[in-house]
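Quick notes on the structure that follows.
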Amino acid sequence: MAVCVAVIAKENYPLYIRSTPMENELKFHYMVHTSLDVVDEKISAMGKALVDQRELYLGLLYPTEDYKVYGYVTNSKVKFVMVVDSSNTALRDNEIRSMFRKLHNSYTDVMCNPFYNPGDRIQSRAFDNMVTSMMIQVC
Amino acid sequence: MEAAAGGGCGSGPPLLSESEQQCYSELFARCAGAASGGPGPGHPETSRVASGAATAAAGPVADLFRASQLPAETLHQITELCGAKRVGYFGPTQFYVALKLIAAVQSGLPVRIESIKCELPLPRFMMSKNDGEMRFGNPAELHGSKVQIPYLTTEKNSFKRTDDEEKQETQSPTMSPFASPPSSPPHYQRVPLSHGYSKLRSSTEQMHPVPYEGRQPLVQPEGPSSGGPGTKPLRHQASLIRSFSVERELQDNSSSYPDEPWRITEEQREYYVNQFRSLQPDPSSFISGSVAKNFFTKSKLSIPELSYIWELSDADCDGALTLPEFCAAFHLIVARKNGYPLPEGLPPTLQPEYLQAAFPKPKWDCALFDSYSESMPTNQQARDLNRMEKTSVKDMADFPVPTQDVTGDDKQALKSTLNEAVPKDVPEDPATPKDSNNLKARPRSRSYSSTSIEEAMKRGEDPPTPPPRPQKSHSRASSLDLNKVFQPSVPATKSGLLPPPPALPPRPCPSQSEQVSEAELPSQLNRAPSQAAESSPAKKDVPHSQPPSKPIRRKFRPENQSAESQEPSTTISGPASGASVKPHPTVQKQSSKQKKAIQTAIRKNKEANAVLARLNSELQQQLKEVHQERIALENQLEQLRPVTVL
């Protein structure tokens, strides 16, 4: 039910970004990029608190009139950003959390592949399929 | 119905020939009949499906399509093209178009509407004729079984349990389990079964059926909503049960497989096993990711392809390959090099369960020891076959010889104590060597260093001259670690410890047993009643452990000139350690897996503590800075104040 899913590396470049092709993809890229600032703000707002205590799920980063942007950070500072349609009110927080959890699991699977160098673009088909499944539910 | 079907089909696709018409209508009738006749008891999805008498239900149709042995992608495209997706059900028109497309694809034509315009042979389905009856026969049983099967957790144990239950309840080995709730997509079985494994791992159960149904819109979209959350887990169970029962069915109908390129022949299997042994002499253990990566890179396939092959073959996504996974990966590489395109999903004949069942591994208990002896001659063979890693093989071949006896002794000593609980042994022993090997194989250098840390710790606390350590020292090395951690020297020691081990892996890597024996041996050296048989191989092991322990001891016991060999120091500590030795024999008598578990826990705790310590120091720094800033600000305030007051 996401409209756009992005995985951002620690250095704030995208490892994977995919949006439903109905609209201008550039807009989503821009939204994800601006959301990175919010993510950084949230991370630093915790202070230099212990990494363990910080929760991975960041929640709603910021709402626009059409979309809502949710964020999630892993312990290695890899960020997942998800853009969902605002009109999709059926989506609850739990569902967003579980979607992020799935993303995280798939991401760790990609990491486990020894042929994947961290920092490369993610080209795993399993990951693609999982993201597709999250996005296709809309239609 | 047949007449109507015949009339209906004329409008859509071009005219069917006589034989085609007959065949298709028969198939259609069977599919539609199976749907309406099959599941009686109130399943919300099925009742809806059964109501449409002129439609073929998704379940039997999907079974039929799968029986055509086409890949899932193609079936997907076919269903899209025939219009079933659009209208949401398989009417006669859609069904006939789909059948024609199947025939076209089987004849090698691309999946296009134009393909069906030409003359085509009948589509081929590898399905037995009495499937229909089977379906009728057992829906009640299946419902019963589904209700009884407990709520599915994500552990594999529960899967085995459900498998067993289903085996007991459904007598017919064929398609009966799939019939009953046709709305739950039985497409799953053609969808790569590796999805089943990912379901095992993830903790979200409810999300999974939903996305899969999104993928297969054949299943009427009402399905998820009508089922409601209550049936979602049930359907999830059912689909997973079905995926496993498919595996069983596939194993039963192994002869009906046309996936010849994906079938591993006996000689291929032998070759793969030998290659595996060359990388990893214990066939029940894993090959780590980096080792496998180096090995497979030599095949000169491109990295993305190798990455994809790994994705397909590493079913449990743990970054390591067991023997069946390795065989599957190797087979895929071989196939790719011979020009076969890589499949969309792991073919059923390459699934790890299938490979394990088809080529059962030697029995865990005794064969584990036998395999060590076996690995010797096979290592000899492997040298001939293995053109890739000759030098490492030779190295490895040398080492199992001296440690073999030791290993046998140790393992048998452990086993004799474990034999008290025999039933637990069988599942435990595979787990034990697997776990211990797992621990040893993967973070190999780490576990190596941790065992030597433990030894150094144990020995360090014993001698009369206490090393610089806190007074509250415990007899157990594990708690001692924690005490040490809070010293500021910990990060230094940790960083000091880590560099030495990486120099070692080539040698200890073939014989993880070495590490087990090392863990026991040095402590056994302390013991007065040390087995003489082990002392000589122990001396051989001692040099191996010397390099890592030397730098450790330099830090822990700077007074003792650690340049001397290990043996004099152990003999010195030997008599002094008489009292503390008593815990050791009992510890060793317990299973080594507990030790390994403790060691991993120790490692984790140490790492966590190091992180905490570092963070703490950082925080202290910042606190100081903030204090200083505050002082500066207060000063400024003071200076400004007289101005404002006046």
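Chain identifiers are assigned alphabetically (A, B, ...) following the order of the sequence lines, protein sequences preceding nucleic acid strands; residue numbering begins at 1 within each chain. Please read these numbers as outputs of a predicted model, since none were measured by experiment.
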How about [atom1] on [X], more than 12 heavy atoms from neighbouring residues, nucleotides or ligands closer than 6.0 Å, or not?
| X | atom1 | value |
| --- | --- | --- |
| A:His29 | NE2 | yes |
| A:Tyr62 | OH | yes |
| A:Lys10 | NZ | no |

Checking A:Asn117 against chain B: side chain, backbone, both or neither under 4.5 Å from a heavy atom?
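Contact with chain B is through the side chain of A:Asn117 alone.
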Check B:Ser290 against A:Pro114 and note the closest heavy-atom contact, atom names and distance.
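Closest pair (atom of B:Ser290, atom of A:Pro114, distance): N-CB, 4.5 Å.
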Working to the nearest 0.5 angstrom, can you tell me the gap between A:Asp120 CG and B:Ile303 CD1?
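Taking CG in A:Asp120 and CD1 in B:Ile303, the distance rounds to 10.0 Å.
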Find the distance between CG (B:Asp314) and CG (A:Asp109) and round it off to the nearest 0.5 Å.
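Here the rounded value is 8.5 Å.
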Donor-acceptor pair, distance only, cut-off 3.5 Å: does the side chain of B:Glu311 make one with the backbone of A:Asn113?
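Between the backbone of A:Asn113 and the side chain of B:Glu311 there is no qualifying donor-acceptor contact (under 3.5 Å).
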A:Phe115 vs B:Ile309, test: side-chain contact (heavy atoms from CB on, under 4.5 Å). Steps then yes/no.
CA-CA 10 Å; A:Phe115 296 102; B:Ile309 286 175; over 6 Å; no
Counterpart residues, side-chain hydrogen bond (donor to acceptor under 3.5 Å, both in side chains), relative to B:Glu305 (two or more places apart):
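For B:Glu305 the side-chain hydrogen bond (donor to acceptor under 3.5 Å, both in side chains) partners, ignoring immediate neighbours, are B:Arg336.
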